[in-house]
Protein chains: 2
Amino acid sequence: MKPQAPHCQSCQFKDSSLFKQCHLHELEELNESKCFNSYKKGQVIFHEGNRPLGIFCVYGGKVKVSRMGSDGKEQIIRLAKKGDTLGYRSLIDNTKYTASAIALDETEVCFIPATEFNKLVDENVKVSTDLMKMLARALGDTQDKLIHLAMKPVRERLAEALLLLKSTYQEEGKTPFSISISREDLSSIVGTAKETVIRFLSEFKEDGIITTHGSEITILNPEKLVKISSMYD
Amino acid sequence: MKPQAPHCQSCQFKDSSLFKQCHLHELEELNESKCFNSYKKGQVIFHEGNRPLGIFCVYGGKVKVSRMGSDGKEQIIRLAKKGDTLGYRSLIDNTKYTASAIALDETEVCFIPATEFNKLVDENVKVSTDLMKMLARALGDTQDKLIHLAMKPVRERLAEALLLLKSTYQEEGKTPFSISISREDLSSIVGTAKETVIRFLSEFKEDGIITTHGSEITILNPEKLVKISSMYD
DNA sequence: GTCAAAAACTGATAAAACTCATATTTTCCG
DNA sequence: CGGAAAATATGAGTTTTATCAGTTTTTGAC
């Protein structure tokens, strides 16, 4: 069964997205201009260096936004989940994408063309205000990441990354939290080498904080992760 | 002689600041609500953890925006110069300051109260659009910093930091570029230890890329710094 | 200029993290 | 279900960077 494109007016993120303050007729127009797409694990939603043609609303799945170094090393800047908006920074700044968005799972995304997006932002002050707040929040988050990368050792950053995955992707009530993620991707979040991540994960396993089955990591004791991650805060 | 508070309508940054698209009557109002202040080297303009009460427009001098770790280590997030705007992120996001702004030099700053700032943003779409672009640019810059911190070794980041200082603070035509900056501050930009910075600076000196007299660093060969900083781009 | 404090510098050593090599397990395709 | 490919896991050795201790130079007040 193919995933169906939802109508914007009945989208489950209608009241929590960037467009939560839109009028019905705006949602109607949005719906007509949008374009629904599915991506398999590993597929590229947009690519570093390309010109943005619109924004993306994640309808389902998991997305990493990351930048590739010339040595093939990747750094993940952001993790996105259903309900999140992607690619708006480049569009507003009128620059090429500085990072790529890649599906981590089977992912569904609505594309909204730049013209429609700009029109909405121009015409509805509430949308532009929300967008501004979104940018401000994203800036704060990125500054936090920068600080932590500069000041915390790998062990603490790894604990933090696991908590980020949990807070981002845990479905309500589903405890304990489990996620399937490659050690490579995890190391690209933390900003370290794959082997280093594996070593600290082993340590966390010995301490009963997590268990793993293949690439699946289950967080048994999030409180301990909080303690580790904020050891020197 | 005390520095004089400039009138907003004749401010030298009238046409390049966030308020470049304001009407005369808006500048008039801005001028009446603003508050001019001077800060000596080391003085705090706003402090991490406090609630923002407005925004700051740098009229002259140099400012570092930085965050303090519990271990006393500092990370500099941003360098500001005359014409720059400070403290807007927290105000928009409605959060406490997550970093402090500290004068690196004798610095003059105009404070604009939140009520006045919000009024302007609400009433003038051009101001809010410019503000949005400013946020988008700041987000892009911070993402760049994050990537470089994660992927480049100290030597390259130091070269980059020196180029940042040059591009930020070089007065037109004044070559070669010189700046007085403590090794401590420089290490807080790079995200490394003071001694490590000193060692690489010594190396740069041996290679004839820079010279130093006390805390004054003169960049003799910026091209070489560019090469070093982008060694693996 | 003089002197004390602060900052820059240097060296030795230690710690953290990376790389490379290799073994083991998991995944998944036929 | 079997087997190859991919990913996880572990070990050894190296590099990078941090820390600590000490010396020299610079700075700024008197």
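The sequence lines fix the lettering, A, B, ..., with proteins before strands; numbering per chain opens at 1.
- Comparing dT19(D), dT8(D), dA17(C) against the side chain of Ile198(A) picks out dT8(D) as the nearest.
- One finds no side-chain N or O of Thr196(A) lying less than 4.0 angstrom from the OP1 or OP2 phosphate oxygen of dT19(C).
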| message | salt bridge (charged side-chain N to carboxylate O under 4.0 Å, His left out), that's the test. Do Lys41(A) and Asp105(A) meet it? Break it down for me. | response | CA-CA 4 Å; Lys41(A) 183 175 174 174; Asp105(A) 259 357; 5.9 Å; no

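- Here Ser187(B) does not reach the OP1 or OP2 of dA18(D): none of its side-chain N or O atoms lies under 4.0 Å away.
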Report task. Mind running side-chain contact (heavy atoms from CB on, under 4.5 Å) on Thr212(B) and Arg183(B) for me, showing each step along the way? Result -> CA-CA 11 Å; Thr212(B) 66; Arg183(B) 303 302 177 258; 3.9 Å; yes

Check: Is there a salt bridge (charged side-chain N to carboxylate O under 4.0 Å, His left out) between Lys96(A) and Glu48(A) once you walk through the steps?
Finding: CA-CA 7 Å; Lys96(A) 292 176 182 174; Glu48(A) 193 174 348; over 6 Å; no

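- Checked against dT10(C), dA12(D), dA9(D), the side chain of Arg199(A) finds its nearest nucleotide in dA12(D).
- Nearest nucleotide to the Arg183(B) side chain, out of dT19(D), dA17(C), dA8(C): dA8(C).
- For Ser202(A) and dT10(D), the shortest distance from a side-chain N or O to OP1 or OP2 is below 4.0 Å.
- Nearest nucleotide to the Ser182(A) side chain, out of dT17(D), dA21(D), dT8(D): dT8(D).
- Under the 4.0 Å criterion applied to side-chain N and carboxylate O atoms, Glu108(B) and Lys82(B) are not assigned as salt-bridge partners.
- Listed candidates were dT10(C), dT19(C), dT10(D). Nearest to the side chain of Lys73(A) is dT19(C).
- In the set dA18(D), dA17(C), dT10(D), dA18(D) carries the atom at the smallest distance from any side-chain atom of Ala193(B).
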Do any N or O atoms of the protein come closer than 3.5 Å to N or O atoms of nucleotides 28-30 of chain C, and which pairs are they?
none

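- For Lys205(B), taking side-chain heavy atoms from C-beta onward, the closest of the listed nucleotides dT19(D), dA9(D), dC9(C) is dC9(C).
- Using a cut-off of 4.0 Å between Lys/Arg side-chain N and Asp/Glu carboxylate O, Arg67(B) and Asp144(A) are scored as salt-bridged.
- Judged by atom type and distance alone, Glu195(B) does not reach the base of dC9(C) through any side-chain donor-acceptor pair under 3.5 Å.
- Checked for salt-bridge contact, Asp185(B) and Lys64(B) meet the test: a charged N lies under 4.0 Å from a carboxylate O.
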